[in-house]
Amino acid sequence: MAEPTVPPPTADQVRNLLRAVIDPELGANIVDLGMATDVTVGNDGVITIGVKLTIKGCPLRAQIKNDIESRLETHPGVTKVKIEWGEMNADERSAVMTKARWNARENAGDTAVPVTTRVLAIASGKGGVGKSSVTANLAVALAAQGHTVGVLDADIWGFSMPRMLGMSERLAARKVGDADKPKIIPNERRIGSGLLKVVSTGMLVDDESTALMWRGLMLTKAVEQFLNDVHWGELEYLLIDMPPGTGDVQMGLARMLPRTDLIIVTTPAVSAQKVAIRAADMAQRSFLRIAGVIENMSHFTCEHGSTYPLFGEGGGATLANEIGAELLGQIPIENAVAHGSDTGEPIALTGDSAAAEAFRDIAKKIISATVPATDMAGCSARLLESVEVALGKKPR
Ligand code: ADP
């Protein structure tokens, strides 16, 4: 086997990466649950992981396998991932159940982003490539499919979500449950049978120019505060509009929400694609998984039907290829995209243009790549239930 060109990650780094693999039923990651046992890393980049399932025929096995492989195989220096499956004995099983119960209680806190929420951070190497437009349009497209979608405007100084989503009311704060401090309550907007829950610094300040006041604020601290102090409640997706380029925020996110997937937005221009590679590189170093690349401002089609590649060609595909991610879609340049953003009605909501369709197609891809929480045929939850029945804590 060929020696990898970069050194493989250490066993500790692998364990860190595996912390992003969540057992959806037990609501915690497989390392803290004690499911990922031995990790060995060969000099040739081959990683062998022992994974113990609660029961052998666990239907979540395929999902856990996929998740482990997709998180490790894209990491520099990794040539192969081998999983050795095992089954827990009775003692291990009861220990994992205790942990799972404890975690469930911890996660039930009002402030945390629910553990089943799919977190997608929309990032770009530099400003002006349409990262915020992509966030706003994907948010409404996901909500229009009946989902509850949170939007966190982490572009603290350059926030645009209030304008793009037509939601500029000031944020309210109130005490939730028996918490001692009031929580920020996201502003809500119904989209069909779905719901948007949006938080932005633009909803804390009176006008866009007051945002300058936030200059002194440490970006990572602000994002951390938003993740901690917001009462998100039920949430299927959380889209985070990242500030352009910064590695600090990515590192902070990786620490607080290790299961975050990054979507990188680029234009077809080679220069934009090069800076986007840096964003992808930072993501990989902070152990965030890249869900895909979106090429925005792909081409312009005039009223006579002729197409012009105004900002070059191929940047999205080249970037996706280079970082081993999927090209999720290409959004053409359309006046209506800019107009929708300026009027608070993103084009993906009602538009019938190529850009509107492209946004909706990407949302569909995002939805189909997730296992909806309600459809999970679980072994561990059923197991938990049977343990409780056996202990006489639950009626048969
Ligand atoms: P970023 O968040 O990367 O700084 P924005 O989403 O604010 O970028 O977009 C920059 C500008 O380009 C905005 O005026 C926006 O309306 C416009 N824009 C973005 N995408 C498109 C598109 N596909 N077609 C036309 N205008 C676009």
Side-chain angles (χ1 to χ4, degrees), residues 120-141 151-168 198 200-202 208-209 211 214 219 223 239-246 249-250 262-269 271-280 282-283 292-303 307-316 319 327-363:
L120 293 163
I122 322 293
S124 65
K126 60 172 188 174
V129 299
K131 168 184 61 61
S132 302
S133 309
V134 167
T135 309
N137 277 285
L138 289 186
V140 298
V151 179
L152 172 60
D153 197 347
D155 199 346
I156 307 285
W157 302 317
F159 60 81
S160 39
M161 286 305 119
R163 175 175 51 91
M164 290 189 174
L165 295 169
M167 299 166 71
S168 52
V198 185
S200 166
T201 37
E208 294 201 15
S209 58
W214 288 81
L219 202 53
V223 173
L239 303 190
I240 306 180
D241 188 14
M242 299 283 276
T246 45
V249 174
Q250 290 176 352
L262 224 68
I263 290 182
I264 311 237
V265 182
T266 185
T267 64
S271 59
Q273 174 239 321
K274 280 195 177 137
V275 253
I277 284 187
R278 249 180 281 150
M282 270 187 294
V293 171
I294 295 177
E295 185 185 85
N296 187 32
M297 308 188 185
S298 285
H299 54 261
F300 176 75
T301 305
C302 73
E303 65 220 73
T307 292
Y308 304 92
L310 293 186
F311 297 128
E313 269 174 302
L319 173 66
L327 178 62
L328 295 171
Q330 291 170 292
I331 321 287
I333 302 167
E334 283 177 14
N335 240 336
V337 174
H339 181 72
S341 295
D342 286 339
T343 52
E345 294 296 314
I347 189 176
L349 209 49
T350 50
D352 57 3
S353 66
E357 285 300 331
F359 281 125
R360 289 193 286 259
D361 280 351
I362 298 171

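As the structure lists them, so they are numbered: ligands from 1, and atoms in each ligand from 1. Only a predicted model underlies this, so the values are computations on that prediction, with no experimental measurement involved. This chain uses plain numbering: 1 for the first residue, then up along the sequence.
Distance screen at 4.0 Å: atom 2 (O) of ligand 1 has a protein heavy-atom neighbour inside the cut-off. Within the 4.0 Å cut-off (strictly below), no protein heavy atom is located near atom 11 (C) of ligand 1.
Considering both main-chain and side-chain atoms, Ser133 comes within under 3.5 Å of ligand 1 through a nitrogen or oxygen pair. Ligand 1 has no nitrogen or oxygen under 3.5 angstrom from a nitrogen or oxygen of Ile333. Ligand 1 has no nitrogen or oxygen under 3.5 angstrom from a nitrogen or oxygen of Ser124. Taking distance alone, with nitrogen or oxygen atoms compared against 3.5 Å, Lys131 approaches ligand 1 more closely than that limit. At a 3.5 angstrom cut-off on N or O pairs, Asn296 counts as close to ligand 1.
Partner of Ile294 under the side chain to side chain contact (heavy atoms under 4.5 Å, CB included) criterion, chosen from Ile263, Ile264, Ile122: Ile263.
Nearest heavy atom pair, residue Pro268 against residue Asn296, reads CD-O, 3.4 Å. Shown here for Phe159 and Asp153, the closest heavy-atom pair between the two residues is CB-OD2, 3.1 Å. Across Ala136 and Met164, no two heavy atoms sit closer than the pair CB-CB, 3.9 Å. Nearest heavy atom pair, residue Ser124 against residue Lys131, reads OG-CD, 3.6 Å. Minimum heavy-atom separation, Ala355 to Val337: CB-CG2, 3.7 Å. Shown here for Met297 and Ile333, the closest heavy-atom pair between the two residues is CA-CG1, 3.4 Å.
Using a 4.0 Å heavy-atom cutoff, Pro332 is listed among the residues neighbouring ligand 1. By the 4.0 Å heavy-atom criterion, Ala355 is excluded from the residues contacting ligand 1. In this structure, Met164 has a heavy atom closer than 4.0 Å to ligand 1. Within the structure, the closest approach of Ser160 to ligand 1 does not fall below 4.0 Å when heavy atoms are considered.
For Glu295 (side chain) and Gly316 (main-chain N/O), a donor-acceptor pair under 3.5 Å exists by modelled atom type.
The closest heavy-atom contact to atom 22 (C) of ligand 1, among the options Val265, Val337, Asp155, comes from Val337.
Between the side chains of Ser353 and Glu334, a donor-acceptor pair is found at a separation under 3.5 Å.
Every atom of ligand 1 with a heavy atom of Met297 under 4.0 Å away is listed here by number and element: 12 (O), 18 (N), 19 (C), 20 (N). Near Ser132, the atoms of ligand 1 lying under 4.0 angstrom from a non-hydrogen atom of the residue are 1 (P), 2 (O), 6 (O). Applying the 4.0 Å criterion to heavy atoms of Ala338 picks out, from ligand 1, the atoms 16 (O), 26 (N).
Looking only at heavy atoms of the protein, atom 24 (N) of ligand 1 is closest to Glu334 N, 3.0 Å. With respect to atom 4 (O) of ligand 1, the closest heavy atom belonging to the protein is Gly128 N, 2.8 Å. Looking from atom 8 (O) of ligand 1 to the surrounding protein, the closest heavy atom is Gly130 N, 3.0 Å.
Rounding to the nearest 0.5 angstrom, the gap separating the CD1 atom in Ile240 from the CG atom in Leu120 is 8.5 Å.
More than 12 heavy-atom neighbours from other residues, nucleotides or ligands sit within 6.0 angstrom of CG on Asp342.
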